[in-house]
Amino acid sequence: MSKSFQPDVTVDSRGATCPGPLMDLIGKVKKLDAGTVIELKTTDSSSSHDVPEWVAKAGHETLDVVEHEDEGYWSVFIETTK
Amino acid sequence: MTERIVIVGGGTGGTVLTNRLTDELATEIEAGDVEVTLVNDTPEQTYKPAFLYVAFGKKTMHEARRPLADLVDLRHATLVVDRVTGIDTENKHLTLAKDDGGLDYDHLVLAMGANLAPDEVPGLKEGGHHFYGPNGAEKLRDALAGFTEGHIVLSVIGVPHMCPAAPVEFVLMADAWFRERGLRDQVEITYTYPIMRAHGIKSIAEWATELFEERDINLETFFNAEEVDPDAKVITTMEGTELDYDLLVAIPPHTGSDLVTDAGLGDDGWVEVDKNTLEAKNADDVYAIGDVAELPTSKAGSVAHYAAGTVADRLASRVRGLVPTETFDGKTICFIESGMDEATFVEFSYGDEPVVREPSQLLHWSKLAYNESYWLTARGLI
C-alpha cells in the first residue's frame with residue numbers, strides 16, 4: 001500500500017516534459033546530503049517509471065510513487081544515500 | 001503618449017523581433033507613437049550553429065559574425081550597446097552598466113539567451129573542450145586537427161542546453177571526418193547522455209542509437225559527470241561510472257541569467273512564461289523568447305525565431321489597443337547533420353513526437369544553404 005512521506009525538499013516539475021523532471025531531480029540530488037527525502041512532482045507519466053530507474057542506477061532509494069489522479073500528477077519520493 | 005518597447009538581447013530572437021516590430025509598426029513609429037529599442041552588450045551578433053563547423057575546420061569565426069547595425073532597421077529602431085545590470089518590473093526600469101540614466105519601458109522582451117557554467121563540474125574547464133563558444137570551437141578545431149589516435153568522449157553534461165541536436169551531430173561528423181582521413185580505426189568515439197536514452201526526444205534517440213551501432217560509436221546512458229580529473233583524464237559520474245578519455249568534448253551545464261532570478265522572474269535564471277503567449281508569469285508587460293524562456297521545448301534558434309513572430313504580433317496588437325490573439329505552438333525546426341555530407345530534418349510542436357527523415361545529401365546542402373542565408377532570418381525576411 002502506498003503511503004506519503006514527509007519530504008525535506010520538493011522539486012515541482014509539473015508541466016515539464018521528459019527529460020525535464022529527471023534532470024530537475026538530478027540537479028537537486030547533486031546538491032543534497034545523504035538521507036534527504038525528496039518529493040518530485042511530475043505530470044509526465046513516463047517520469048514515474050524513468051525516475052526510479054535512474055534512482056536505482058545512481059544508488060539512491062525510491063521510497064514510493066503516488067499517483068494523484070484527481071490533480072493529474074505523480075509524486076515520486078526518493079531518499080538520497082550518498 | 002509614446003509606447004516604449006525595449007528588447008534585451010541581440011541574438012536570433014532579439015533581432016527577428018526588432019525587425020518584425022519595426023516592419024509591422026513602421027507607421028506608428030514614424031508618427032512618434034511607438035519607440036523600439038534593442039539593447040545588446042556587444043555591437044555584433046554571432047551565429048552559434050557555425051561553431052560546430054568551426055570545430056571541423058569547415059568555417060571560420062569571421063563568417064559567423066555580423067554587426068547588429070547591419071541586421072536591424074536603424075531607421076525605425078534604436079540600438080543601444082550596453083549591458084543591462086538590473087530589471088525593475090515594478091517601476092518598469094532597466095539599469096545599464098554605462099548609462100547612469102538607464103532605460104524606462106512600457107513593454108519589455110527578454111531574449112538574453114543562455115550562459116555556459118563549466119565551473120559546476122570540478123575539473124571540466126581544465127580537462128574538457130567544447131564547441132559552445134567561439135574560443136572553445138577554435139581550440140577544439142586545433143585539438144581535433146592534431147588528434148590521430150585515442151579515445152574521444154562527447155559527454156552531454158548539461159540538459160537543457162543550446163542546440164540539442166548538436167552533440168549527436170558532432171559524433172556523427174567526427175566519425176565521418178576521421179574515416180575520410182583514414183584514421184577511424186585508431187580513434188574510438190563514445191557519446192554519453194544523462195538520461196536513459198541517447199536524446200531527450202524519443203524518436204531522435206532511437207534514430208541516433210541505430211546510427212551509433214552502425215558506425216561503431218559507443219553509447220553510455222544515465223551518465224551524469226560529477227567530476228573530471230584532467231591529469232588522469234578520467235570522468236567520474238553520479239552513477240558511479242569511471243570513463244577514460246584522451247580528448248573530452250563536453251556540453252557544459254547551462255544557466256539562465258542572474259538578472260532574471262534577481263528580478264523574481266524565475267528560479268535558476270529562466271523566465272517563467274505562459275508557453276503560448278510568452279508573457280512572464282511574475283510581472284506585467286514582460287515577455288521572454290529564445291533560450292532564456294522556460295518553455296517545454298528545445299533551446300534552438302528556430303524556437304526563438306518563431307516565438308519572436310508571436311511576440312511581435314501580440315505587441316503590435318497591444319500598442320494599437322487591440323486584444324492580442326496570436327499564440328506560439330512550440331514550433332521547432334532542426335536540420336541534423338548525420339555525417340560530413342548527409343543530414344536529416346525534424347519539425348515538431350508542443351507535445352509532438354517528430355519523425356526523423358531518411359538522411360540525404362540534399363538535406364545536408366539545405367542545411368549549408370540555410371547557414372548561409374541565416375542573416376536573412378535575422379533581418380526578419382525569412
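Each chain gets a letter, A, B and so on, in the order its sequence line appears, and its residues count up from 1.
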**OP:** Could you tell me whether A/Arg14 and A/Asp12 have a side-chain N and a carboxylate O separated by less than 4.0 Å?
**Re:** yes
**OP:** State whether B/Glu347 and B/Arg357 are salt-bridged, where the test is any N-O pair (Lys NZ or Arg NE/NH1/NH2 against Asp/Glu carboxylate O) under 4.0 Å.
**Re:** yes
**OP:** Measure from the side-chain N and O atoms of B/Ser349 to the backbone N and O of B/Gly330, and report whether any donor-acceptor pair falls under 3.5 Å.
**Re:** no
**OP:** Pull out the residues in residues 196-207 of chain B that come under 4.5 Å of chain A, heavy atom to heavy atom, sorted by number.
**Re:** B/Met196, B/Arg197, B/Gly200
Subject >> Salt bridge flag under 4.0 Å for residues B/Glu279 and B/Arg314 >> reply: yes
**OP:** Would you verify whether the NZ or CZ of A/Lys57 falls within 45 degrees of the ring axis of B/Phe222 while also being under 6.0 Å from that six-membered ring's centre?
**Re:** no
Original post:
Between B/Thr297 and B/Thr332, is a side chain to side chain donor-acceptor pair (under 3.5 Å) present by the stated rule, with each step listed?
Top reply: CA-CA 8 Å; B/Thr297 188; B/Thr332 310; 3.2 Å; yes
Subject >> Which atoms of A/Leu22 approach chain B - backbone, side chain, both or neither, heavy atom under 4.5 Å >> reply: side chain
